[in-house]
A.B. asks: 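Take this structure, written in C-alpha cells, and hold onto it; I'll ask about it next.
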Amino acid sequence: MNKDSYLKDFEKFITQTEKNCTTLSDPEWEKIQARFNDYTEKYYEQFKEELSVNEKISISILKSKFSILKRERKKIQEEMKIK
C-alpha cells in the first residue's frame with residue numbers, strides 16, 4: 001500500500017460503511033471499527049509524513065463521517081429496542 005492507495009481505500013471504506021451501517025450486525029460492526037482503527041492509526045502513522053495539509057483535512061473529514069455513522073447506528077439500535 002502506498003499513500004495514494006491508502007487515501008483511496010479509506011474513502012471507499014467510509015462510503016461502503018455509509019451504505020451499510022444500519023444493517024450491520026454487532027460482530028460485523030466490530031470488524032468495521034477495527035478496520036477504521038487501522039486506517040486512522042496504523043496506516044496514518046505509516047504515511048503521515050507524506051501527507052499534504054489538504055490530505056490531512058480529507059482524513060479528518062472521513063473520521064468525522066465515521067463518527068456520525070457510529071452515532072446514527074447507535075440511535076437506530078436504541079429506537080429499535082423501544083419498539
Side-chain angles (χ1 to χ4, degrees):
M1 180 182 290
N2 61 37
K3 177 190 78 159
D4 292 332
S5 65
Y6 159 64
L7 293 168
K8 186 176 180 179
D9 289 351
F10 190 15
E11 187 171 346
K12 183 178 177 182
F13 165 75
I14 294 296
T15 300
Q16 289 174 339
T17 303
E18 283 177 318
K19 291 178 184 177
N20 302 314
C21 76
T22 58
T23 60
L24 295 169
S25 67
D26 288 342
E28 290 170 323
W29 185 258
E30 288 175 16
K31 290 178 185 176
I32 294 292
Q33 182 68 56
R35 279 188 67 199
F36 175 78
N37 292 343
D38 284 344
Y39 281 116
T40 58
E41 296 169 10
K42 176 182 167 185
Y43 300 130
Y44 181 81
E45 285 298 316
Q46 183 177 345
F47 298 112
K48 75 178 178 181
E49 299 301 321
E50 300 174 44
L51 297 168
S52 70
V53 171
N54 286 338
E55 290 167 334
K56 288 179 181 180
I57 290 169
S58 294
I59 290 169
S60 293
I61 291 168
L62 294 173
K63 290 165 79 173
S64 295
K65 284 183 177 184
F66 188 83
S67 293
I68 291 167
L69 293 173
K70 195 172 177 177
R71 283 194 305 268
E72 285 179 13
R73 183 178 185 277
K74 185 176 181 178
K75 181 179 175 184
I76 289 171
Q77 284 182 323
E78 288 172 359
E79 288 174 359
M80 292 180 80
K81 288 179 184 177
I82 294 173
K83 292 180 180 183

A.B. asks: Hey, what do you get for CG (L7) to OG (S52), rounding to the nearest 0.5 Å?
C.D. replies: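 Rounded to the nearest 0.5 Å, the CG-OG separation comes out at 8.0 Å.
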
A.B. asks: Please list, chain by chain and in numerical order, all residues satisfying side-chain contact (heavy atoms from CB on, under 4.5 Å) with E72, sequence neighbours excluded.
C.D. replies: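 Listed in chain order: I68, L69.
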
A.B. asks: Excluding sequence neighbours, so at least two apart, what forms side-chain contact (heavy atoms from CB on, under 4.5 Å) with T23?
C.D. replies: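 Partners of T23 under the side-chain contact (heavy atoms from CB on, under 4.5 Å) test: N20.
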
A.B. asks: Set out, in order, the CA-CA distance, both residues' side-chain angles and the distance that settles side-chain contact (heavy atoms from CB on, under 4.5 Å) for Y43 and I59, then state yes or no.
C.D. replies: CA-CA 11 Å; Y43 300 130; I59 290 169; over 6 Å; no

A.B. asks: So, taking the atom named CG in L62 and the one named CD1 in I57, what distance separates them when rounded to the nearest 0.5 Å?
C.D. replies: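 Between L62 CG and I57 CD1, I get 12.0 Å after rounding to 0.5 Å.
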
A.B. asks: Test of understanding: with side chain to side chain donor-acceptor pair (under 3.5 Å), list the residues that count as partners of D38, not counting sequence neighbours.
C.D. replies: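 Side chain to side chain donor-acceptor pair (under 3.5 Å) list for D38, sorted by chain: empty.
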
A.B. asks: List in chain and number order the residues that pass side-chain contact (heavy atoms from CB on, under 4.5 Å) with K56, two or more places apart in sequence or in another chain; answer none if no residue qualifies.
C.D. replies: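 K56 satisfies side-chain contact (heavy atoms from CB on, under 4.5 Å) with Y44, L51 only.
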
A.B. asks: List in chain and number order the residues that pass salt bridge (charged side-chain N to carboxylate O under 4.0 Å, His left out) with K8, two or more places apart in sequence or in another chain; answer none if no residue qualifies.
C.D. replies: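 If we apply the salt bridge (charged side-chain N to carboxylate O under 4.0 Å, His left out) test to K8, skipping adjacent residues, there are no hits.
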
A.B. asks: Please check if atom CD in E55 has more than 12 non-hydrogen atoms from other residues, nucleotides or ligands closer than 6.0 Å.
C.D. replies: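 Result for CD/E55: enclosed.
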
A.B. asks: Give the minimum heavy-atom separation between F47 and M1, together with the two atoms involved.
C.D. replies: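 Smallest interatomic distance, heavy atoms only, reads CZ-O, 3.3 Å.
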
A.B. asks: What distance separates D4 CG from E50 CD, expressed to the nearest 0.5 Å?
C.D. replies: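 Answer for the CG-CD pair, D4 versus E50, is 9.0 Å.
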
A.B. asks: Roughly how far, to the nearest 0.5 Å, is CD1 of I14 from NZ of K65?
C.D. replies: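 So the gap between those two atoms works out to 8.0 Å.
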
A.B. asks: Considering residues at least two apart in sequence or located in another chain, which fulfil the side chain to side chain donor-acceptor pair (under 3.5 Å) criterion with S5?
C.D. replies: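 Per chain and number, S5 pairs via side chain to side chain donor-acceptor pair (under 3.5 Å) with N2.
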
A.B. asks: Using the test salt bridge (charged side-chain N to carboxylate O under 4.0 Å, His left out), find all partners of K70 that sit at least two apart in sequence or belong to another chain.
C.D. replies: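 Expected list: none.
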
A.B. asks: Taking side chain to side chain donor-acceptor pair (under 3.5 Å) as the definition, give me every residue that meets it alongside Y39, ordered by chain and number, with sequence neighbours left out.
C.D. replies: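 By the side chain to side chain donor-acceptor pair (under 3.5 Å) rule, Y39 matches R35.
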
A.B. asks: What are the two closest heavy atoms between I32 and F13, and how far apart are they?
C.D. replies: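 Closest heavy-atom pair between I32 and F13: O-CZ, 3.4 Å.
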
A.B. asks: What distance separates F66 CZ from N37 CG, expressed to the nearest 0.5 Å?
C.D. replies: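 If I round to the nearest 0.5 Å, the distance is 7.5 Å.
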
A.B. asks: Among all residues two or more places apart in sequence or in another chain, which pass the side chain to side chain donor-acceptor pair (under 3.5 Å) test with D26?
C.D. replies: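 With sequence neighbours excluded, D26 shows a side chain to side chain donor-acceptor pair (under 3.5 Å) to R73, Q77, given in chain and number order.
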
A.B. asks: Got a sec, which residues hit salt bridge (charged side-chain N to carboxylate O under 4.0 Å, His left out) with E45, two or more places apart in sequence or on another chain?
C.D. replies: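 With sequence neighbours excluded, E45 shows a salt bridge (charged side-chain N to carboxylate O under 4.0 Å, His left out) to K48, given in chain and number order.
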
A.B. asks: For Q16, give me all partners under side-chain contact (heavy atoms from CB on, under 4.5 Å), at least two apart in sequence or on another chain.
C.D. replies: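 Residues passing side-chain contact (heavy atoms from CB on, under 4.5 Å) with Q16: K12.
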
A.B. asks: Please list, chain by chain and in numerical order, all residues satisfying salt bridge (charged side-chain N to carboxylate O under 4.0 Å, His left out) with E28, sequence neighbours excluded.
C.D. replies: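 Salt bridge (charged side-chain N to carboxylate O under 4.0 Å, His left out) list for E28, sorted by chain: empty.
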
A.B. asks: Once rounded to the nearest 0.5 Å, what's the spacing between atom OG of S25 and atom CD of E30?
C.D. replies: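 Separation between the atoms: 8.5 Å.
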
